[in-house]
Structure formats: structure tokens, C-alpha cells
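As the structure is a prediction and not an experimental result, all values here were calculated from the model.
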Amino acid sequence: MTAGAEIFDICVIGGGINGCGIARDAAGRGYSVCLAEMNDLASGTSSWSTKLIHGGLRYLEHYEFRLVREALQERELLWANAPHIIRPLRFVLPHHAGLRPTWMLRLGLFLYDHLGGRKLLPPARSLDLRRDPAGAPLQPAYTRGFEYSDCWVDDARMVALNARDAADRGAAIHTRTAVTAARRENDHWRIALRDRDSGAEREIAARLLVNAGGPWVDRVLALSGGAGDHRIRLVQGSHIVVPRLFDHDRCYIFQNSDGRVVFAIPYEGDYTLIGTTDRDYEGDPADAAITPEEIDYLCAAVSDYFRVPLRPDAIVWTYAGVRPLYDDGASSAQEATRDYVLHRDGGDAPGQPALVNIFGGKLTTYRRLAEAVLGHVEAVLGARGPAWTKVAPLPGGDFPVTGFEALAGRLRTEHPFLAEGHARRLARLYGTRALQLLGGAADAASLGRHFGADLYEAELRYLVAEEWAATAEDVLWRRTKLGLRLDEDQKAAVAEAVAAFGAGRSGRRAQ
């Protein structure tokens, strides 16, 4: 074993939803775990999604019945384990006579309702858009439609909470830590780490290496001595955020003539999120950015349905990310499978260090993917504890799926100075751990410096100490979405405060 190196059972490379989900599951079973993420948690694909926990209605057209069934089974399970960051939604699907026929939509929605054991979410139903309020924002030509259930998730927070739970169970979580080399040495991996802020370097050892690099999976393969499997198809998905386009709380799913669908979803109270696109991507995933063509595409797609056309000058924010899909040889980006594939290299002989590579995957099936990876871990390292994440709430999620209003009310009762919107935002982001964040605060002044909107020093300190936030971007665009509400001076003040809190912290960033 490497002299002086800290020794782990498992080293996970990648701090997206798959990496953090694996670290959490493994730590909870009793394995020693180190996770290294070169940037911030969820700074790649996992924070640039359409933010849905769903089966993927359109995947039925590509006969991905196993994937859809598994995702639908996970949908209510994840909701039960994280009712603060996951909530049910109803999606309105206007019927477009020139595209999919009515019988196909009815059949697809019937399968969607029955494939995954739906229990709490309401079933699909037909709509008369001439009478239903959901028809008011639409062009008069859309008179018939359907409505079905799925769920919304705060994707970046789901990653952070998995990391927090993994750390609470003993995992070492290292953000802004690049893996610069990994090589097999006797019965273990020797892994070189570099702190990207300080430049400090060190080595650890692990008996099993998990490559959860997402779009960078081939790069990690190269670091570990492989040439890259080239099984990843990089597909860019871009989104736009505009001022709220309709008054109700339902969402829309619009069919396009190219076979794709576009969602219009209520977002952060005052906005509408529109996406996504599907286009093959080449280059560094870190450089992904929405293109003028994608903006035009999304604006045109929703303008085909809404009464009031959407112009690009209405956009207040955009984001783009690269999805690492398994390359199944599909002819177009939107047809490429969203399923995950695991490849294990080594670990067949006693004492032989193994590498598990993850290709593809989606938010909804991350927990099942983690369990599949733990199957490989057990085959190599031996079983420790049993599978446990199916009924284990994420941090702050220890309340019933019907209990959100009660939790928000409790926050206001115990802290009467909180405005209703502030209490609801804290309950939605932190669940029961909002009580820990607020502590014994008796008034707004007790929360410390006010940075704008409803962001106070107490929340910043909590995010630095408990959730690895180290920059204003971490706070304003991943842990929260308050970047939509603060001006540039306020954002600069947040950046200074986060840096100061980080420099003086004695908290739990790496453990």
C-alpha cells in the first residue's frame, strides 16, 4: 500500500448526481469513501437539466419501456424521500392535429399511468381547452388536450443533499479537487489529488475507483490508464428563463414537428422555464453555452402554441449543459438512449483493483444507478451493509409528502419575523434543516447582514459550513436561484462574504 497515503475502500471521481448518490449509498453501507470533484458539486450536467423527476413520456416512442418503468417507479419514491426539493406537477399536452394522433397520446398516457405503480399522483385526463383555464394562454386552434402527472426537482440541491448525507455517514467530500493521475499499484489504486484553490497536492489510495465523470468520463479513463471508450455521445441541452407567461401553476409540454418536445414550466414564482434543445456537441463540456439558433428554436416552439409570441428580448437568463448519453448509434440526438450503462474493468481476481465506469443516466434513476454500482462494489470488496436508500429521506426531507405547508407554517410560528415567501423558500430548499439554519433567531437582525431579496448572512454561513459553497456562483445559482433577484452590487457583496466565511471557517467542508 502507498506509504503515508490515506486509504479508502472506494474513490469516486465526479460530484454530480451519480457520483454523490454512489458516495451516499456506499458510505451508508459501511464502506470508506472519498469523493473528488474538480469544481463545485453539480457544476456540470446535474444543474443544467429541465429539473424533472419523470418517466420520460416521449421515451415510450423509442420503446424504452424498461427505462420508463424504472423511472416511474422511482418518481414517487424520490418524492417521499425529498418532499422539500421535489413536488408534484401537472403537465398540459395540447393536441396538435398535424403531429401525433389522439389514439397514440391516449395509449402513451395509459401506459405512463400504469407502468410504474403510480399511487399518490393523480392520473391522466382529457381536457377541453375551450373551457379549462389552461387553454386561456393558448392559441384558439388548440381546443383539445390531455393532462398528466410528473414531478419537479431542484436538481443542484438534490446533488448537494446527497453529498451532505454521504458526509454525515463518514464519506470524505472534496470539492475543487482535481484528480491528476490514477494508476493501479498492486492491490489498490494510487490517486493524485490537487486542490484547485491552493495548488496543494497529495495522494490517497483506494481499492476500487468509480468513474462518475459525466461528460468528462473519457478524460477520467485516460487519467486511469485507459484510452477512452468513446461510448459517450455529448448532447447539449439549453434552456431560457422569461418573465411568467401564464397565471396558473400547471406546466405545458409542446410537441414540435421535428419530433422533439419543449416544456414551459413555472419557475421560481415569477418566471417561466422553457427547454430543452437536443444537439450534438463537440469540445470541452465546460464551454457549453446556448446558441442564437437554440434561442430562436425555443422561442418559435412556444410561439406556435401561446397566443402571445415570445421574443428573445424577453429572456432574463439562459443556461446550457452537456448530457453524457450512452452512444447507442441512434441517428439523432433526441433519439439517443437516456439509459445508463456500467462497465467494470478488473476486480475479477482477489486483490485486483477495479474501475467502474458510468455511461449515461438521468436524474430520476440516479438512486437505482447507485445501487447497480454497489452491486459491482460488493462483487469486488465483499458485501457490508444492505441496500438502504429506498426509504431513507435526504437531509431535511423527514416529513410527509403532504406536510410542506405545515413545515412552512412551523417556520413562521417559531420565527414570526419571517415573511411568508421567505419561510416557504427556506422550507423548500432546506426542509426541516431550515430550523437548524435559523437557530434561535428572534428577529431579522439576528440573521446577520442582509444581502438583498431575502438572503441573509445566516444562510450564507450555513451554505459555506454545511454544503461546500465557496463562491457567489455556488450560492446564487446552485444552492439557491437568488441570482435572478440580486443586482450586480449585491452579488459582489455575496462573493466577498462567502470568501471571508470560507477563509475563517472551522466547519465540515471536507468531511
Using a cut-off of 6.0 Å, state whether more than 12 heavy atoms not belonging to [X] lie near its atom [atom1].
X	atom1	result
Arg66	CZ	yes
Phe417	CZ	yes
Asp128	CG	yes
Arg90	CZ	yes
Arg87	CZ	yes

Using the rule ring pair (Phe, Tyr, Trp, His ring centres under 6.0 Å), only one of Phe263, Phe306, Phe91 pairs with Tyr252; which is it? Phe306
Minimum-distance pair of heavy atoms, taken over all atoms of [X] and [Y]:
X	Y	value
Gly108	Leu60	O-CD1, 3.5 Å
Tyr305	Gln255	OH-O, 2.6 Å
Gly360	Ile232	N-CD1, 4.0 Å
Gly237	Arg323	CA-NH1, 3.3 Å
Val262	Thr276	CG2-O, 4.2 Å
Leu35	Gly15	CD2-CA, 4.0 Å

So how far is it from [X] [atom1] to [Y] [atom2], rounded to the nearest 0.5 Å?
X	Y	atom1	atom2	answer
Ile53	Leu78	CD1	CG	5.0 Å
Asn18	Ile358	CG	CD1	5.5 Å
Tyr340	Lys362	OH	NZ	11.0 Å
Leu455	His450	CG	NE2	7.0 Å
Cys151	Glu74	SG	CD	12.0 Å
Arg367	Leu394	CZ	CG	10.5 Å

Cationic N near anionic O, under 4.0 Å, [X] to [Y]:
X	Y	result
Asp278	Arg58	yes
Asp454	Arg485	no
Glu70	Arg368	yes
Arg479	Glu459	no

Quick check with a 6.0 Å cut-off and a 45 degree axis cone: is [X] positioned over the face of [Y]'s six-membered ring?
X	Y	value
Arg164	Tyr462	no
Arg106	Phe146	no
Lys51	Tyr319	yes

Evaluate side chain to side chain contact (heavy atoms under 4.5 Å, CB included) for Phe254 paired with Leu138, printing each intermediate quantity in order. CA-CA 11 Å; Phe254 297 141; Leu138 300 175; 4.0 Å; yes
Is there a salt bridge (charged side-chain N to carboxylate O under 4.0 Å, His left out) between Glu61 and Arg100 once you walk through the steps? CA-CA 11 Å; Glu61 288 186 312; Arg100 297 166 178 86; 2.7 Å; yes
Residues Thr364, His54; criterion side chain to side chain donor-acceptor pair (under 3.5 Å); working and verdict: CA-CA 6 Å; Thr364 309; His54 67 144; 5.0 Å; no
Result of checking Asp150, Val153, Ile265 against Leu52 for side-chain contact (heavy atoms from CB on, under 4.5 Å): Ile265
So Glu294 and Gln236, side chain to side chain contact (heavy atoms under 4.5 Å, CB included) or not? Walk me through it. CA-CA 10 Å; Glu294 287 178 302; Gln236 177 168 309; 2.8 Å; yes
Would you say the side-chain atoms of Glu466 and Tyr430 include a donor-acceptor pair closer than 3.5 Å?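 Checked: Glu466/Tyr430 side chains show no N/O donor-acceptor pair below 3.5 Å.
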Show your working on salt bridge (charged side-chain N to carboxylate O under 4.0 Å, His left out) between Arg250 and Glu147 and close with a plain yes or no. CA-CA 9 Å; Arg250 286 178 282 178; Glu147 184 180 277; 2.5 Å; yes
Apply side chain to side chain contact (heavy atoms under 4.5 Å, CB included) to the pair Ile22 and Val12, showing each step before the final yes or no. CA-CA 8 Å; Ile22 293 163; Val12 179; 4.2 Å; yes
